[in-house]
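In what follows, residues are counted from 1 in the order of the sequence shown.
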Amino acid sequence: MSTFVDLQVNGFAGVDFNADQLSDDEVLTATAALREIGGIDRCLVTLITAPWSVLNRRIAAWASRLDRLESLQETIAGLHIEGPFISSQAGFVGAHPADATRPATPSSACELLESGAGWIRMITLAPECDAGSKSTRYLRDQELIVAAGHSDASIDQLKQSIDAGLQIFTHLGNGCPAMLPRHDHIINRVLSLSEHLTVSFIADGHHVPWLALRTYLQVVPATKVLIVSDAIAAAGLGAGRFQLGHHIFDVKEDLSTWSADGLHLTGCATTMPQMASLLKERLSVSDEQIETWMIHNPRRMLGA
């Protein structure tokens with residue numbers, strides 16, 4: 001049964017939602033698999049940083065597709081734009097192309113919304129790339145969900161952004177360097193503000209080790225926790241070698257997803273039902289907590 005609500009889906013069942021050449025049949029097949037294999041009731045399609053004209057073209061293509069194919073709307077609640085208003089610094093930029101990042105301005109945010117024709121529901125940006133939190137305030141005035149991520153925002157920048165309407169921090173523990181200052185770093189800053197900020201986590205055991213995730217989940221109030229899949233096209237296909245665009249990667253038997261050289265994670269291939277099972281097995285999470293983190297909280301964020 002499809003039950004989960006996922007605010008971050010980059011692709012599924014062999015279909016990359018960020019690809020420039022997507023057929024209607026591919027999207028319909030992937031969406032059906034999201035429901036049947038991924039256990040997804042509602043989700044946001046996530047489009048990540050790309051050159052400005054390319055990103056706007058992809059957004060517009062998805063908006064047109066959602067308008068044309070009404071059956072998609074049963075599952076896809078809209079678009080989550082992750083970037084390009086994020087940190088370009090190594091580690092914080094993650095797998096996003098650093099040369100395509102850019103500062104946030106209300107006018108550029110407006111341009112994205114125009115491309116989205118009413119289908120953009122959520123934007124992830126770095127507060128330090130949003131001078132005076134003007135874009136955050138503008139986006140909240142347009143009734144969008146505003147998230148921070150791929151960010152090294154200071155505590156004051158985070159507080160200012162929260163005051164302007166920031167609601168979520170995207171996949172805490174990822175989109176940051178492997179090595180951080182001992183105490184004052186983005187993870188601790190966000191945890192210290194979690195009474196005021198909803199926090200999402202990728203619960204596959206690879207993006208955040210279980211011992212760390214256990215601690216984070218003890219700190220963040222239950223009403224402020226979101227579990228997201230951050231699924232890529234390999235999700236739902238099991239182990240194997242896959243190619244997305246110019247990139248080749250390997251999905252191991254434990255569903256960790258590695259670059260072909262084995263040096264870094266390249267996305268998530270774990271489905272939401274698998275994450276729920278892992279949370280129960282590894283952290284003794286209750287069914288009630290699963291429902292709160294993976295159904296009720298994200299559904300509330302969507303206003304559904």
Contacts table for residues 209-226: side-chain donor-acceptor under 3.5 angstrom, sequence neighbours left out:
{"residue": "Arg214", "atom": "NH2", "partner": "Arg282", "partner atom": "O", "Å": "3.2"}
{"residue": "Thr215", "atom": "OG1", "partner": "Leu211", "partner atom": "O", "Å": "3.2"}

Specify the closest pair of heavy atoms between Ala164 and Arg140, including all atoms of both residues, with the distance to one decimal. O-CG, 4.0 Å
Here the pair of heavy atoms bringing Gln167 nearest to Ile145 is OE1-CA, 3.1 Å
Does some side-chain heavy atom of [Y] sit less than 4.5 Å from a side-chain heavy atom of [X]?
X: Glu128; Y: Asp152; value: yes
X: Leu197; Y: Ile162; value: yes
X: Leu158; Y: Ile186; value: yes
X: Leu44; Y: Leu302; value: yes
X: Thr75; Y: Arg42; value: no
X: Leu28; Y: Ser71; value: yes
X: Phe242; Y: Ile248; value: no

Distance-only criterion, 3.5 Å: show the donor-acceptor pairs between side-chain atoms of residues 76-89 and protein atoms not counting sequence neighbours.
{"residue": "His80", "atom": "ND1", "partner": "Leu7", "partner atom": "O", "Å": "3.1"}
{"residue": "His80", "atom": "ND1", "partner": "Thr46", "partner atom": "OG1", "Å": "3.4"}
{"residue": "His80", "atom": "NE2", "partner": "Thr124", "partner atom": "OG1", "Å": "2.7"}
{"residue": "Glu82", "atom": "OE1", "partner": "Gln8", "partner atom": "NE2", "Å": "2.9"}
{"residue": "Glu82", "atom": "OE2", "partner": "His150", "partner atom": "NE2", "Å": "2.9"}
{"residue": "Glu82", "atom": "OE2", "partner": "His171", "partner atom": "NE2", "Å": "3.1"}
{"residue": "Ser87", "atom": "OG", "partner": "Gln89", "partner atom": "N", "Å": "3.1"}

Take Phe201 and Trp293 through the side-chain contact (heavy atoms from CB on, under 4.5 Å) test and state the conclusion after the steps. CA-CA 10 Å; Phe201 300 99; Trp293 299 343; over 6 Å; no
Does one hydrophobic cluster hold both Ile59 and Ile48, with members joined at side-chain heavy-atom distances below 4.5 Å?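 No, it is not one cluster - the side chains of Ile59 and Ile48 are not joined through contacts under 4.5 Å.
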Asp156 and Arg189: CA distance, side-chain angles, deciding distance, salt bridge (charged side-chain N to carboxylate O under 4.0 Å, His left out) verdict: CA-CA 10 Å; Asp156 289 339; Arg189 293 173 208 147; over 6 Å; no
Out of the candidates Leu279, Ile227, Leu278, only one should pair with Val285 under the side-chain contact (heavy atoms from CB on, under 4.5 Å) rule; please name it.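 Exactly one candidate clears the test, Leu279.
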Please check if any side-chain donor atom of [X] sits under 3.5 Å from a side-chain acceptor atom of [Y], or the reverse.
X: His96; Y: Thr49; result: yes
X: Ser229; Y: Asp6; result: yes
X: Trp258; Y: Ser256; result: yes

The test is side-chain contact (heavy atoms from CB on, under 4.5 Å); show your working for Leu193 and Lys159 and say whether it passes. CA-CA 8 Å; Leu193 295 171; Lys159 287 178 178 178; 4.0 Å; yes
ring-ring contact (aromatic ring centres under 6.0 Å, His included) partners of residues 34-58, not counting sequence neighbours, each pair once: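 ring-ring contact (aromatic ring centres under 6.0 Å, His included) check on residues 34-58 returns no pairs.
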Chi angles and distances behind the salt bridge (charged side-chain N to carboxylate O under 4.0 Å, His left out) call for Arg137, Asp163: CA-CA 9 Å; Arg137 193 175 302 278; Asp163 289 343; over 6 Å; no
